[in-house]
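Contents: one structure, followed by commentary.
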Number of protein chains: 2
Amino acid sequence: MYEKKMPKSFACGMAIIMEIIGGKWKSYLVYLINKGVRRPSELQRAVPSASRRVLDLQLRELEFHGIIKRVIYHELPPKVEYFLTEFGESLLPVVAAMDKWGNEYQSVFEQLMEKKQD
Amino acid sequence: MYEKKMPKSFACGMAIIMEIIGGKWKSYLVYLINKGVRRPSELQRAVPSASRRVLDLQLRELEFHGIIKRVIYHELPPKVEYFLTEFGESLLPVVAAMDKWGNEYQSVFEQLMEKKQD
DNA sequence: TTTAATAGGGACAAAATTATCCCTAATCCC
DNA sequence: GGGATTAGGGATAATTTTGTCCCTATTAAA
């Protein structure tokens, strides 16, 4: 977690949820973990365009915020699994609504951009 | 709008909606405009902690993405008003859901942090 | 006549986020 | 032995986002 120099103001719920899932891959991580992709290495393979480092950092933050739980198996080679907390699950419908809107937006946006060509 | 060096991948709806309302004040601007705060100077007064420049930039982006419409009155002193487009209005329930979750999260998060004190 | 209000651009600085590269340590496979 | 796999830390660089400061031009009010 990085240290922030500007004080964060959580005046409204938006600022809060953005803090939680605003990271580039966070919502996707939540989605994948919910789908059963639990181990760090699996997650990395599932999102090859994300750097391993950033995925790790974002997983740490999700854990810190109580969205996911990290379970460490004391084996070798190391084994770790992530699970959504009950609280993390409460995020699913919201994320789904966002994703749905985004998908619908895509075509509308393309239409808008076509018009601007005229 | 800044030039981006990394190609953006809009693989999922989340990436898209984040592009639209991911900016620090964007969702709040949408909220305020919907509430009837229309003129740039009013918006600046409504969000005094945001710099004028950034509000302007984010308004431009919202306009570019077809969420709001800028209406210029050719008067002096200049007068400009922003309105949600029909499409921008479709965003309202999603933003409301996010805000709601965020507000509920706040107390849960505070409880979680207390536990970590032990 | 100076000051405030109006809407915003340009240049640049600061901060935050994301990406790259190298490192540990154990075990299994060839 | 050499290499792959496992999970992840440290240092640092690149990129993106946000913030600061100064500027234009017009009208009305003090």
Side-chain angles (χ1 to χ4, degrees), chain A residues 1-9 14-15 18-29 33 37-65 68-83, chain B residues 1-11 14-15 18-29 33 37-65 68-83:
Chain A
M1 220 104 28
Y2 298 88
E3 236 177 275
K4 310 212 167 131
K5 301 203 176 168
M6 309 285 296
K8 292 235 167 181
S9 61
M14 277 304 299
M18 282 308 199
E19 172 82 2
I20 309 293
I21 53 165
K24 190 160 177 180
W25 308 102
K26 283 183 177 179
S27 59
Y28 196 38
L29 287 171
I33 290 170
V37 186
R38 305 227 145 77
R39 301 187 62 181
S41 51
E42 290 172 344
L43 290 165
Q44 286 161 39
R45 278 190 292 270
V47 199
S49 50
S51 73
R52 196 261 308 160
R53 191 85 176 93
V54 171
L55 283 190
D56 281 355
L57 287 174
Q58 304 209 339
L59 286 165
R60 290 288 159 290
E61 291 181 13
L62 288 171
E63 190 195 5
F64 176 77
H65 284 117
I68 61 177
K69 198 168 33 207
R70 175 148 117 252
V71 177
I72 304 168
Y73 301 87
H74 293 283
E75 306 173 1
L76 274 169
K79 178 173 173 184
V80 164
E81 285 187 328
Y82 293 99
F83 296 89
Chain B
M1 220 103 27
Y2 298 89
E3 236 177 276
K4 308 211 169 135
K5 301 203 176 167
M6 308 286 295
K8 291 235 167 182
S9 62
F10 298 124
M14 276 304 299
M18 282 308 200
E19 172 81 3
I20 309 294
I21 54 165
K24 189 161 180 180
W25 308 101
K26 284 183 176 179
S27 59
Y28 197 38
L29 286 171
I33 291 169
V37 186
R38 305 226 143 78
R39 301 187 62 181
S41 51
E42 290 172 344
L43 290 165
Q44 286 161 39
R45 278 191 291 272
V47 200
S49 50
S51 73
R52 197 260 307 156
R53 191 87 175 91
V54 171
L55 283 189
D56 281 356
L57 287 173
Q58 304 210 339
L59 286 166
R60 291 286 159 292
E61 291 182 13
L62 287 171
E63 189 195 8
F64 176 76
H65 284 119
I68 62 177
K69 199 169 33 207
R70 175 147 118 252
V71 178
I72 304 168
Y73 300 89
H74 293 284
E75 306 172 1
L76 273 168
K79 179 174 173 185
V80 164
E81 285 187 330
Y82 293 101
F83 296 89

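Note that this is a predicted model, so its numbers are computed, not measured.
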Presence of [X] side-chain N/O under 4.0 Å of [N] phosphate oxygens OP1/OP2:
| X | N | value |
| --- | --- | --- |
| A:R53 | C:dC21 | no |
| A:K24 | C:dA19 | yes |
| A:S41 | D:dT5 | no |

Which atoms of nucleotides 23-30 of chain D (N or O only) lie under 3.5 Å from a protein N or O atom, and what are those distances?
none

**Q.** Partners meeting salt bridge (Lys or Arg N to Asp or Glu O under 4.0 Å) with A:R70 (sequence neighbours left out)
**A.**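 Checked A:R70 against salt bridge (Lys or Arg N to Asp or Glu O under 4.0 Å); matches are A:E63.
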Q: With sequence neighbours excluded, tell me which residues meet salt bridge (Lys or Arg N to Asp or Glu O under 4.0 Å) with A:R52.
A: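 A:D56.
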To the nearest Å, give me how far apart [atom1] ([X]) and [atom2] ([N]) are.
| X | N | atom1 | atom2 | value |
| --- | --- | --- | --- | --- |
| A:L59 | D:dA7 | CG | C1' | 11 Å |
| A:Q44 | D:dG8 | CD | P | 9 Å |
| B:L57 | C:dC12 | CG | P | 17 Å |
| A:D56 | C:dC23 | CG | P | 18 Å |
| A:W25 | C:dT18 | CH2 | C1' | 10 Å |
| A:M18 | C:dA16 | CE | P | 17 Å |
| B:E61 | D:dT18 | CD | C1' | 11 Å |
| B:R45 | C:dT6 | CZ | C1' | 10 Å |

Q | Among D:dG8, D:dG19, C:dT6, the one nearest A:R70 by side-chain distance | A |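 The listed nucleotide nearest to A:R70's side chain is D:dG8.
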(Q) Nearest to the A:S51 side chain among C:dT20, C:dT6, C:dT18, which nucleotide is it? (A)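 Looking only at heavy atoms from C-beta outward on A:S51, the closest nucleotide is C:dT20.
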Which part of the nucleic acid does [X] contact within heavy-atom distance under 4.0 Å: base, sugar-phosphate only, or nothing?
| X | result |
| --- | --- |
| A:V54 | base |
| A:E42 | nothing |
| B:Y82 | sugar-phosphate |

**Q.** By side-chain hydrogen bond (donor to acceptor under 3.5 Å, both in side chains) - contacts of A:Q44 (at least two apart)
**A.**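 Listed in chain order: nothing, the list is empty.
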Q: Apply side-chain hydrogen bond (donor to acceptor under 3.5 Å, both in side chains) to A:E42 and list each qualifying residue two or more places apart in sequence or on a separate chain.
A: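 Result, side-chain hydrogen bond (donor to acceptor under 3.5 Å, both in side chains) vs A:E42: none returned.
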Q. Any donor and acceptor pair, going by atom type alone, linking the side chain of A:E81 with main-chain N or O of A:R38 inside 3.5 Å?
A.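 Absent.
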Q. Does A:Y82 have any ring-ring contact (aromatic ring centres under 6.0 Å, His included) partners at least two apart in sequence or in another chain, and if so, which?
A.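 Partners of A:Y82 by the ring-ring contact (aromatic ring centres under 6.0 Å, His included) criterion come out as none, since no residue qualifies.
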Q.
Would you compute the distance between atom NZ of A:K26 and atom CE of A:M18 and round it to the nearest 0.5 angstrom?
A.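 Answer for the NZ-CE pair, A:K26 versus A:M18, is 11.5 Å.
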